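One structure is given here, and the rest of the page talks about it.
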Amino acid sequence: MTVTKEFLKAEREQSWRVDIRALMKNKERTGLTRVHMGEVAADERVKSNIEVNSGLTKEEAMAEAQRCLDCPDPTCISGCPVEINIPKFIKYIEKGEVLEAASVLKETSALPAVCGRVCPQEKQCEAKCFYWLKMKKEPVAIGHLERFAADFERESGQMAVPKVAEGNGIKVAVIGSGPAGLTFAGDMAKLGYDVTVFEALHEIGGVLKYGIPEFRLPNSIVDVEIEVLRKMGVKFEMNFIVGRTASIDDLKEEGFQGFFTGSGAGLPRFMNIPGENYIGILSSNEYLTRINLMDAANPLTDTPIVSGKSVAVIGGGNTAMDSVRTAKRLGADRAMIIYRRSMEEMPARVEEIKHAEEEGIEFMTLTNPIEYYADETGRVNRMKVQKMELGEPDSSGRRRPVPMEGSEYMIDVDTVVVSVGVSPNPLIPSSLPQLETTKWGTIVVDEEKLQSSIPEMFAGGDIVRGGATVILAMGDGRNAAASMHNYLQEKLNA
Ligand SMILES: Cc1cc2nc3c(=O)[nH]c(=O)nc-3n(C[C@H](O)[C@H](O)[C@H](O)COP(=O)(O)OP(=O)(O)OC[C@H]3O[C@@H](n4cnc5c(N)ncnc54)[C@H](O)[C@@H]3O)c2cc1C
């Protein structure tokens, strides 16, 4: 069977399309207001790692599902990188058939409970919702409904395991167990391949486990979705660094015929300003990984992290927001975001910024660090910052921050978390000289097929995009699986 994009699109074609104008006149639906999800109160949630959003009840989910207009051309689907059949799963929720809704999600998404929590729906499917596009009304809460259906299925104890084709005996290796690798693994297992995921760390999940904190995405939820992959026959090798523990050639000798690299962008970036090497200044990657995976918030562990009382996090992305909110939960009296642009340019999800503000995070925008100072033990104790103003737009289209002369001032800090971006993980590219990479270290792939300059190696997620989103990584995993399947079958039949 040849799996093409057209085939995947055809899969979601439905016969229930109806006249949109008639639906717009349907005030029973368009007159309903969006149901909002409950949250744990800010003063309560900062005392622990409890999940902030509490999910929808079945009644709330069914009420929200009623708003979906069943558009003849469901633009929301085109906003989803894995092309979930959104109206179909929502209509099942409306009828109260939630397990059916969950099974629609699983047709195209290996991680619905994860995506329902962390996807930037406001920029993707919900941004393409008819309510938002044409009526300037709040879009259907697609993300909240996705989370509801996935949680309902998990809590019902009836987790369906997707059907897998009869084994074809062809071994494929996945390097990295983030969302790109897991999605690829699930799709290849469905097609009957013998899939092994190799992961450098001792936990499976990539950023879902080591980056995103429990209060946004509990690890137990990621584990349940990984368990489904195990039941589909996917094998996992932890503490296995491809390029160190074994080379690609070693794996070829073991019979692996196809490789998918989803090794992410876990290499932290620093600003290279004076004093950045002082004790107490660390990357968000190290800060979050040690806390999330190594229990470093516990003072009794071998490698505890000193919980700062005055913590500055440099940056304005999701990683910065996760770091600063973590610092607050570890007992910081003052937890600050220091960001060189204004609130409007901040790349973090709107929801994360709102939650951070509610939790008492200070936002020092149009401010940039220029030097750090330390006490006699070498631990950071102050930082010099400079005010900025916005100039002309730069290559990213955002207005360039320009330093304001004479505006420098000092802030007392005891911990600084630098969260100014990441670079691609260099190990796979550096261990394969014949692999074509860009000057930024990302792997060059054919845009459609995601095939690299080494024909049997495909790649996707942050190692190709250089830092993007969970759902884009998943979309890559899905496309790469379809392409590798075609490549291996053609090779076999040649
Ligand atoms: C703190 C944080 C918060 C984020 N929040 C959001 C959010 O709310 N929403 C969103 O959509 N996106 C978010 N992102 C971005 C998102 O998590 C990433 O875009 C996504 O995880 C990329 O997936 P991936 O599979 O490409 O790589 P990763 O998730 O980075 O996984 C790569 C894996 O490969 C492993 N690996 C690397 N090299 C090797 C090797 N040689 N051998 C074996 N294993 C190897 C790594 O250990 C890692 O586990 C966030 C990122 C961070 C850091």
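Whatever order the structure lists them in is the order used to number ligands and atoms, beginning at 1. As the structure is a prediction and not an experimental result, all values here were calculated from the model.
In this structure, the ring-ring contact (aromatic ring centres under 6.0 Å, His included) partners of Phe256, at least two apart in sequence or on a different chain, are Phe198.
Within the 6.0 Å centre-distance limit, the rings of Phe260 and Phe184 are counted as a close aromatic pair.
Using a 4.0 Å cut-off between a side-chain N of Lys or Arg and a carboxylate O of Asp or Glu, Glu227 and Arg230 qualify as a salt bridge.
For ligand 1, the 4.0 Å heavy-atom shell takes in Val118, Pro120, Ile175, Gly176, Ser177, Gly178, Pro179, Ala180, Phe198, Glu199, Ala200, Leu201, Gly206, Val207, Tyr210, Gly211, Ile212, Arg216, Phe240, Ile241, Val242, Gly262, Ser263, Gly264, Leu288, Asn318, Thr319, Asp322, Asn425, Leu427, Ile428, Gly461, Asp462, Ala468, Thr469, Val470, Ala473, ordered by chain and residue number.
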Decide salt bridge (Lys or Arg N to Asp or Glu O under 4.0 Å) for Asp476 and Arg465; before the verdict, give the C-alpha distance in whole Å, the side-chain angles of both, and the deciding distance to 0.1 Å. CA-CA 10 Å; Asp476 287 350; Arg465 296 174 179 274; 2.8 Å; yes

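Sorted by first and then second residue, the side chain to side chain donor-acceptor pair (under 3.5 Å) pairs with a member in residues 449-464 read Lys252-Glu456; sequence neighbours excluded. Sorted by first then second residue, the ring pair (Phe, Tyr, Trp, His ring centres under 6.0 Å) pairs that include residues 319-366, not counting sequence neighbours, number zero.
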